[in-house]
Amino acid sequence: QVQPVESGGGLVQAGGSLRLSCASSGRTFSYYAVGWFRQAPGKERVFVGGISWDSRRTSFEDSVKGRFTISRDDGENTVYLQMTRLKPEDTAVYHCVVGGRLTQEAKKYVYWGKGTLVTVSL
């Protein structure tokens, strides 16, 4: 079973950068699409970005395009979400998700991590 585990969250000032990591404590991520969702307090969970199993495709939510990138290192069984030019509205719990194909639909992802908190201050 794939069990995503996120790390790298924390407090950062607006304009700063963070890199989130997602590793699997179980089976490898190979041949799975991996994505990120976030949920801010009092708001719905939303898709942030994702990467296909072969790294050929990435997809991002409009508000993070040009600021966030995703990469994967299957040798290390880890996916990275590099976040730059962070804004206070990026504050949320970020969840790593794993599924059969890259999609923005939360229900298509089978495995979910518990999340890591990102707080962006003014």
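Just so it is clear, the values below take in all heavy atoms, side chains as well, and ignore hydrogens, waters and symmetry mates.
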When you group the ILVMFWY residues by side-chain heavy-atom contacts below 4.5 Å and let the links chain together, are L102 and W53 in the same group? no
Treating Ile, Leu, Val, Met, Phe, Trp and Tyr as nodes and any side-chain heavy-atom pair under 4.5 angstrom as an edge, say whether L18 and V93 lie in one connected cluster. no
Would you call [X] and [Y] a side-chain contact if the rule is heavy atoms closer than 4.5 Å?
X    : Y   : result
V79  : F29 : yes
E6   : L20 : no
Y111 : Q1  : yes
V110 : Y32 : no
V97  : V34 : no
V48  : E61 : no
E44  : Q39 : no

Mind checking whether Y109 and F37 have ring centres under 6.0 Å apart?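 They qualify: ring centres under 6.0 Å apart.
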Distance-only, no hydrogens or angles: does the [X] side chain make a donor-acceptor pair with backbone N or O of [Y] under 3.5 Å?
X   : Y   : result
Q82 : T69 : no
Q3  : S24 : no
N77 : D74 : no
S30 : T28 : no
R67 : S63 : yes
R72 : S52 : yes

Classify the side-chain pair Q104/S59 by whether it contains a donor and acceptor separated by less than 3.5 Å.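 There is such a pair between these side chains.
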Assess the side chains of Y94 and R38: does a donor N or O sit below 3.5 Å from an acceptor N or O?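 There is such a pair between these side chains.
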Nearest 0.5 angstrom please: D90 CG to R85 CZ, how far?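 Here the interatomic distance stands at 10.5 Å.
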Atom OG of S71 and atom CD1 of I51: how far apart are they, to the nearest 0.5 Å? 6.5 Å
Step by step, work out the side-chain contact (heavy atoms from CB on, under 4.5 Å) result for F68 and T84. CA-CA 6 Å; F68 292 10; T84 64; 5.5 Å; no
Do you know which two heavy atoms are closest between A14 and P88, and how far apart they sit? CB-CD, 4.1 Å
If you take all heavy atoms of A23 and T78, which pair is closest and at what distance?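 Nearest heavy atoms, A23 then T78: CB-OG1, 4.1 Å.
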Using the rule given for side-chain contact (heavy atoms from CB on, under 4.5 Å), can you reason through W36 versus I70, listing the C-alpha separation, both sets of side-chain angles and the distance that settles it, and then say yes or no? CA-CA 9 Å; W36 291 88; I70 291 179; 3.9 Å; yes
Kindly indicate, with the supporting measurements, whether the criterion side-chain contact (heavy atoms from CB on, under 4.5 Å) is fulfilled by V118 and T91. CA-CA 5 Å; V118 172; T91 295; 5.9 Å; no
Are there more than 12 heavy atoms of other residues, nucleotides or ligands under 6.0 Å from atom CD of Q13?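 No.
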With a 4.0 Å cut-off on N to O distance, would you call K65 and D62 a salt bridge?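 Judged by the 4.0 Å cut-off on N to carboxylate O distance, K65 and D62 do form a salt bridge.
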Begin with the C-alpha distance, continue with both residues' side-chain angles, and end with the deciding distance and a verdict on side-chain contact (heavy atoms from CB on, under 4.5 Å) for L11 and S121. CA-CA 7 Å; L11 175 64; S121 64; 4.2 Å; yes
